[in-house]
Structures are given as structure tokens and as C-alpha cells.
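Small disclaimer: the values here were computed from a predicted structure and weren't measured. Lettering follows sequence order; numbering is per chain, from 1.
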Amino acid sequence: MNDKKVKSITSKSENLTQWYTDVCTKAELMDYASAKGFIVYQPDGYALWEEIMHYLDKRFHDLGVRNVYMPTLIPMSLLNKEKEHIQGFAPECAVVTMGGSKTLAEPMVVRPTSETLFCDYFKDIVHSYNDLPIKDNQWCSVVRWEKTTRPFLRGAEFLWQEGHTLHETEAEAREFALSILRVYNDLGRDMLAIPFVMGQKPASEKFAGAVDTYTIEGLMPDGQALQCGTTHYLGTGFPEHFGIKFLGKDNKIAYPHYTSWGVSTRLLGALIMIHGDDNGLVLPPKIAPTQVVIVPIRGDTEPKVIEACKKVEASLNKLNIRVKLDLSNKTPGWKFAQYEMKGVPLRIEIGPKDLEKNQCVLTRRFDSAKVFLPLD
RNA sequence: CGGGAUAUUGCGCAGCUUGGUAGCGCGCUUGCUUUGGGAGCAAGAGGUCAUGGGUUCAAACCCCAUUGUCCCGACCA
């Protein structure tokens, strides 16, 4: 019988790439969409992203950041204003064309990132030092026409947040960029159970248009480092090209110092690869959409078992633990395998034998450790 | 973009050599029996065989063209 379980997904040590794809689809995190490189985020996959959004929104708010939303499309002329920037992104830009007899006044591009849109907006609202700092963030998706795609790790479209801030001085901007980097590092520690390494990129790997690029890097099971988040100090280059100026306290005109920063759904790819095993996904409790699953044994014929399960469910609900009681008519063995595949951190089994002893069985996902606890 | 492979039900595949009623496994629906590691039996539902053309009495199958997808390169902050 164990043969069936082993057959369902490829072994992680045997073929990491195949294993990764198997887990993404069989744990029902995503499905492939009809356009190449695009995916459907299924409820359990999107729920992981929602937990990340909740955490970061709170942390960003504490730093004085507010959420905004920019358009999906960028006029080509706007994108062309910063030379280094357009040279970096042009090869992967998705250019919009209209069907039929309709035509566009000028070529449009689906945003690969939104620096140009933010700067075009900032130039109209920044006039004096009293308008600074500006700290905006947006949650959105961006499109980059990658030739080779993988779920979450590299997609033609991915979800992310991009923050854009303007500051009076270089020192303030640099310090802010680094404070965001520390927030990203905390996200790894508090939510994802991933020990990131904070660092600075060499000139050859900097963001197109940045003075300095900082990243958090995660170590993957294949020995490669995966860039999981970036913050950039962009200097005054963008403001100069877009005409963002302010009158300082000294009554002189100056350009503000610019930062941008982001993390994407690539984080989910790192989460899956780092923690998963041959039985499927393994999720840290803080981010798991379902933290505890209760599996009744012989529930159909033993009303007392259901009753006991519901009692446990209610008490866990009171503790704000995300709990699921599975009363479906699947067999217990199927449920065990299913919730292991989905990475649920803790399983509680309750059956007739347990009721006789007034106990239940707890099994931990990441190391299969079993504990018997009194029902009370 | 270069090389290779492939396209048949939601998924995975057989059938093509040698043209003649559209098949299998999984999944799904219903019923009964089951339930402590992916249950069993029975009855069902589900297909423009990628697209266009050609050959033929007859094409999933043979021929030509087109398109999509996958793998390996190359490319990729």
C-alpha cells in the first residue's frame, strides 16, 4: 500500500524540479492557465500570499507607508525616459496591440515594474520639502515575457508589492531602503521559517537604473541561492529624468532621493522548495491556511466520534487556530495522505479506540512525531 | 532563436505499422458494503481524435501545410 503513496509524487532527492512541479499542482496551490507561463492561483496557494500581505501591510504601515494603485499599462514614451531602465527591461516587455480597426495613439506596454508610472505621478505632487517624504506601495501583478517559466519561481505574470519612496536626503533614503530590507528578513524569520541572508548586489546584477541594490537571498536544496526580495537606492536619476523637483529649506531647488523595493510570489516557491519532503508540502504553522486538521475514524457509524471531533474543533476555534474537521466519506488513509500532501502542520485523529481511553492522537507534519493526549 | 519529441474525455495513456462501430487506467455521479495509512462491488455520465487541405466508397490512422505544448541548448537584474 505504501507503494501507491510513493508513486504519487517524484522523490525530492531524485529530481528536484519534477518534485517541485508535482507538489505545486497536487497540493492544489496552482494550476496551469491556457496562456504559456501564466498560472491560476488556487485557494490554498493564494491563502499563503494573503498571509504574507497581512504581515507586510502591518509592517509597512508602521513605517508610514500607504497603499495606492497605478495603471496596468505604461505608454512607451514614459518607459523610454530613463535609458538604463528601458535597456534593462525592453527584452521582456509585453507590448499591447489592438485587434480589428482600432489603433493606439502610441505603443503601450504592460507594466514589468512601475517606477516610470510613480515618477510621472510624483512630479505633479512634489513641490517643497514639506511634501516629503512620500512613501507609497502597491499590491499588483506585473508581466515579464520570460522564455523559461516555472510556477511561482519565474512566471510571465506574478503578484508582488512594489514600494516607492522619495526623501529629502540621501542618508534618509538609504536608511529607509535598509529598514525595508530588515522587514523582509523578519518576514522570513516570523512567517516563512526561512533564514535569509541580507546583502548587496554587485554592479552586474543591480536593478536597471539603481545606484545600489540590496537583497535577501535564500539557500535552496540544490545549493543555489534564490533572490527573494530586493530594495533599491535609486539616487536622483529618475527624478532628474522625470522632472521631480522640490524647494528646500535653504530656498534652493533640489531633486529628491528615490527608493523602490519589492517581494513577489516567488517567496512561495522558496517556501515550497525549502520545507517540502517526499510526502508533499510542509508548511510552517504561522503561514499555513489550515493549521490543524481533525480526522475522525469510523465517523459514519460512531456518532460519539463525531461529537468528540466537534468539541475539539470548537475549542481550537476559540484559540483562533485555523482548524478543519474533515467529515467527508473518504477513508482515513486517504485523508492522512491528502493533508500531508497539503502540508497541514498538525493532524488530530479521533477514533473509537481513543474514546475508550479518553484520548486523541496528534501527528506533527514535519517530523511525523506522534503524541497521545487526553481529550480534555 | 537552434536541435529533438509530442497533440486522442478533467488527468495519464493505448490504438496508427496493415484505413472499416472511440478504447483503457485514474478521477467524477448513483447505490450498497466499508473506514486506525491513498477501500471493494455494481450501474452510469463524459470525445469536433489540435487546425486546414488532400488521397479514398470509407481517415484518429496515409500525404501536405499550419498551430500549440514539452524537453535540451541559447537568453534571462
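- Atom CD1 in A:Ile348 sits roughly 16 Å away from atom C1' in B:G36 (whole-Å rounding).
- With both pairing distances under 3.5 Å, B:G23 is matched to B:C13 as a Watson-Crick or G-U wobble pair.
- Nucleic acid contact class of A:Glu205 (heavy atoms, under 4.0 Å, all strands): sugar-phosphate only.
- Applying the side chain to side chain contact (heavy atoms under 4.5 Å, CB included) criterion to A:Ser368, with sequence neighbours excluded, gives no partner residue.
- With C1' as the reference atom, B:A50 and B:A42 are 37 Å apart, rounded to whole Å.
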Interface polar pairs with nucleotides 27-33 of chain B, N/O, under 3.5 angstrom:
from	atom 1	to	atom 2	distance (Å)
B:C28	OP1	A:Lys330	NZ	3.2

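- Rounded to whole Å, the distance from CD1 on A:Ile297 to C1' on B:G36 is 5 Å.
- Pairing for B:U55 is absent, judged as Watson-Crick or G-U wobble with the two contacts each under 3.5 Å.
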Just the table, please: protein N/O against nucleotides 73-76 of chain B N/O, every pair under 3.5 Å.
from	atom 1	to	atom 2	distance (Å)
B:A74	N6	A:Thr148	OG1	3.4

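- Going from atom CD1 of A:Ile294 over to atom C1' of B:U35 covers 18 Å, rounded to whole Å.
- Using N1 to N3 plus N6-O4 or O6-N4 for Watson-Crick, or N1-O2 and O6-N3 for G-U wobble, each under 3.5 Å, B:C32 pairs with B:G40.
- Among the atoms of the strands shown, none is found under 4.0 Å from any heavy atom of A:Val295.
- Along RNA chain B, the nucleotide nearest A:Gln227 and the nucleotide nearest A:Arg347 are compared for position; the residue whose nucleotide lies closer to the 5' end is A:Arg347.
- Distance CH2 (A:Trp145) to P (B:C1): 15 Å, rounded to an integer number of Å.
- Nucleotides B:G47 and B:C62 have their C1' atoms positioned 23 Å apart, rounded to a whole Å.
- The backbone N or O of A:Asn329 lies less than 3.5 Å from no partner atom in the side chain of A:Lys335, so there is not a single donor-acceptor pair.
- The gap from the P atom of B:A22 to that of B:G4 amounts to 35 Å, rounded to the nearest Å.
- Looking at heavy atoms from C-beta onward, A:Cys140 lies out of side-chain contact with A:Met70 at the 4.5 angstrom threshold.
- Base pairing annotation: B:C49 forms no Watson-Crick or G-U wobble pair, as no partner gives both donor-acceptor distances under 3.5 Å.
- Taking atom P in both B:A65 and B:A5, one finds a spacing of 16 Å when rounded to whole Å.
- Note on A:Arg182 versus A:Glu175: salt bridge recorded, some NZ/NE/NH1/NH2 to OD/OE distance being below 4.0 Å.
- For the pair A:Arg347 and A:Phe336, the cation sits on the ring face: its NZ or CZ lies under 6.0 Å from the ring centre, inside 45° of the axis.
- Using a 4.0 Å heavy-atom cutoff across all strands shown, A:Asn329 reaches no nucleic acid atom at all.
- Between the side chain of A:Lys206 and the backbone N or O of A:Lys201, no donor-acceptor pair lies under 3.5 Å.
- In terms of the side-chain hydrogen bond (donor to acceptor under 3.5 Å, both in side chains) criterion, residue partners of A:Ser328 (sequence neighbours excluded) are, by chain and number, A:Asp326.
- When Watson-Crick and G-U wobble pairs are counted only if both distances are under 3.5 Å, B:A60 pairs with no nucleotide at all.
- Each of A:Pro296 and A:Lys335 has a nearest nucleotide on RNA chain B; the 5'-most of these lies closest to A:Pro296.
- Listed nucleotides: B:G36, B:U35, B:G37. Nearest to the side chain of A:Arg298: B:U35.
- By the side-chain hydrogen bond (donor to acceptor under 3.5 Å, both in side chains) test, A:Trp145 pairs with no residue at all, sequence neighbours left out.
- Counting heavy atoms from C-beta on, the side chains of A:Leu29 and A:Leu268 never come closer than 4.5 Å.
- Contact check, A:Thr331 against B:A39: a side-chain N or O comes under 4.0 Å of OP1 or OP2.
- Note on A:Leu226 and A:Val197: separate hydrophobic clusters, where clusters join Ile, Leu, Val, Met, Phe, Trp and Tyr whose side-chain heavy atoms are under 4.5 Å apart, directly or indirectly.
- Listed by chain and number, the hydrophobic cluster partners of A:Val312 are A:Val292, A:Ile294, A:Val305, A:Ile306, A:Leu316, A:Leu319, A:Ile321, A:Val323, A:Leu325, A:Leu327, A:Leu346, A:Ile348, A:Ile350, A:Leu355, A:Leu362, A:Val371, A:Leu373, A:Leu375, where partners are ILVMFWY side chains within reach of under 4.5 Å, directly or through others.
- Between B:G52 and B:C71, the distance separating the two C1' atoms is 28 Å to the nearest Å.
- Both distances falling under 3.5 Å, in either a Watson-Crick or a G-U wobble arrangement, place B:G68 opposite B:U6.
- Between the CD atom of A:Glu302 and the P atom of B:U35 there is a distance of 10 Å, rounded to whole Å.
- Within 6.0 Å of the CD1 atom in A:Ile253, the count of heavy atoms belonging to other residues, nucleotides or ligands does not exceed 12.
- If you take atom C1' in B:G23 and the same atom in B:G15, they sit 7 Å apart, rounded to whole Å.
- The separation of B:U18 from B:C13, taken at their P atoms, amounts to 26 Å, rounded to a whole angstrom.
- Nucleotides B:G25 and B:A14, compared at atom C1', are 10 Å apart to the nearest Å.
- Look at CE on A:Met341: it is 18 Å from P on B:G37, rounded to the nearest Å.
- Across the strands present, B:A74 finds no partner; the criterion is a Watson-Crick or G-U wobble pair with both atom distances under 3.5 angstrom.
- Between A:Lys353 atom NZ and B:U35 atom P the separation is 11 Å, expressed in whole Å.
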